[in-house]
Amino acid sequence: MTLAALAATVFLRKSKLFVGARGTGIAGALSGFMNVTAGVGGPPIAIYANSTNWEYKEYLATVQLYFAGLNVLSLLARGVPDLPTAGWAVAVGAAVAGLVIGNLLSSTINESVAKKAVLAITGIGSLATAVQGVLTL
């Protein structure tokens, strides 16, 4: 489903899958549902951003807070994973490193390249999730 929506927004330039309040609600609901069930809440938001031509700098600032809240809610819905202390340290360290490195590099990255990278990562993540689902049948 996400791959089809992504293809529509990338290849059909006039596609407006998630516009207006209704589109925002649909993108958010899909993102939340997919995050809790499959751990991939990002693709609907990336598709929403592409479909609405969301300004890149605003997108970056907003999704950091959005995903923090989404993941807290997902943890409440699914329960906190049983990880060893080292696992938690790696997860927190990776998140902090990603935020720091991303903030340092954000001013040097071309907006057009960044948008393409987000869509490419969205496609790869969606495809990987679909393959994983098929392989576990």
Side-chain angles (χ1 to χ4, degrees):
M1 185 171 60
T2 302
L3 285 171
L6 180 61
T9 61
V10 171
F11 297 115
L12 304 173
R13 295 286 179 212
K14 296 188 188 282
S15 173
K16 298 294 183 189
L17 292 174
F18 297 133
V19 294
R22 181 176 175 177
T24 303
I26 292 170
L30 282 172
S31 175
F33 175 77
M34 291 172 64
N35 198 64
V36 170
T37 59
V40 287
I45 300 305
I47 294 166
Y48 171 82
N50 189 57
S51 182
T52 60
N53 292 318
W54 197 350
E55 187 68 34
Y56 176 67
K57 296 278 186 186
E58 293 174 7
Y59 170 76
L60 288 180
T62 304
V63 296
Q64 287 181 23
L65 181 59
Y66 170 78
F67 285 121
L70 179 64
N71 288 319
V72 166
L73 292 174
S74 293
L75 285 173
L76 292 174
R78 295 185 65 153
V80 178
D82 184 26
L83 292 176
T85 304
W88 282 109
V90 169
V92 170
V96 170
L99 283 170
V100 170
I101 293 168
N103 283 324
L104 291 173
L105 295 178
S106 67
S107 63
T108 64
I109 297 174
N110 179 296
E111 182 173 338
S112 176
V113 171
K115 283 183 177 182
K116 289 175 185 170
V118 166
L119 292 175
I121 291 166
T122 298
I124 291 167
S126 298
L127 184 59
T129 302
V131 168
Q132 181 183 14
V134 168
L135 292 176
T136 57
L137 289 177

Do Val113 and Tyr59 share a hydrophobic cluster (ILVMFWY, side-chain heavy atoms under 4.5 Å, transitive)?
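They do not share one cluster, since no chain of ILVMFWY contacts under 4.5 Å joins Val113 to Tyr59.
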
I'd like to know if Met34 and Val36 are part of one continuous hydrophobic network [Ile/Leu/Val/Met/Phe/Trp/Tyr, side-chain heavy atoms within less than 4.5 Å].
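Per the 4.5 Å side-chain linkage, Val36 and Met34 are not co-clustered.
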
Can a side-chain donor-acceptor contact be found between Tyr48 and Ser31 if the only test is distance below 3.5 angstrom?
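The answer is no; no qualifying pair exists.
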
Gln64 CD: over 12 foreign heavy atoms closer than 6.0 Å:
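Yes, enclosed.
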
Atom of [X], atom of [Y] and distance for their closest heavy-atom approach:
| X | Y | result |
| --- | --- | --- |
| Thr122 | Ala46 | OG1-CB, 3.2 Å |
| Tyr56 | Lys115 | CB-CE, 4.4 Å |
| Asn35 | Gly41 | OD1-N, 3.4 Å |

Measure the spacing between [atom1] of [X] and [atom2] of [Y] and express it to the nearest 0.5 Å.
| X | Y | atom1 | atom2 | value |
| --- | --- | --- | --- | --- |
| Lys116 | Ile121 | NZ | CD1 | 14.5 Å |
| Ile124 | Leu119 | CD1 | CG | 11.0 Å |
| Leu65 | Leu70 | CG | CG | 11.0 Å |

Side-chain donor-acceptor contacts of residues 81-105 below 3.5 Å, not counting sequence neighbours, with atom names and distances?
from, atom 1, to, atom 2, distance (Å)
Trp88, NE1, Leu83, O, 3.4
Asn103, ND2, Leu99, O, 3.1

For Ile47 and Asn50, what are the C-alpha separation, side-chain angles and deciding distance, and is it a side-chain contact (heavy atoms from CB on, under 4.5 Å)?
CA-CA 5 Å; Ile47 294 166; Asn50 189 57; 5.8 Å; no

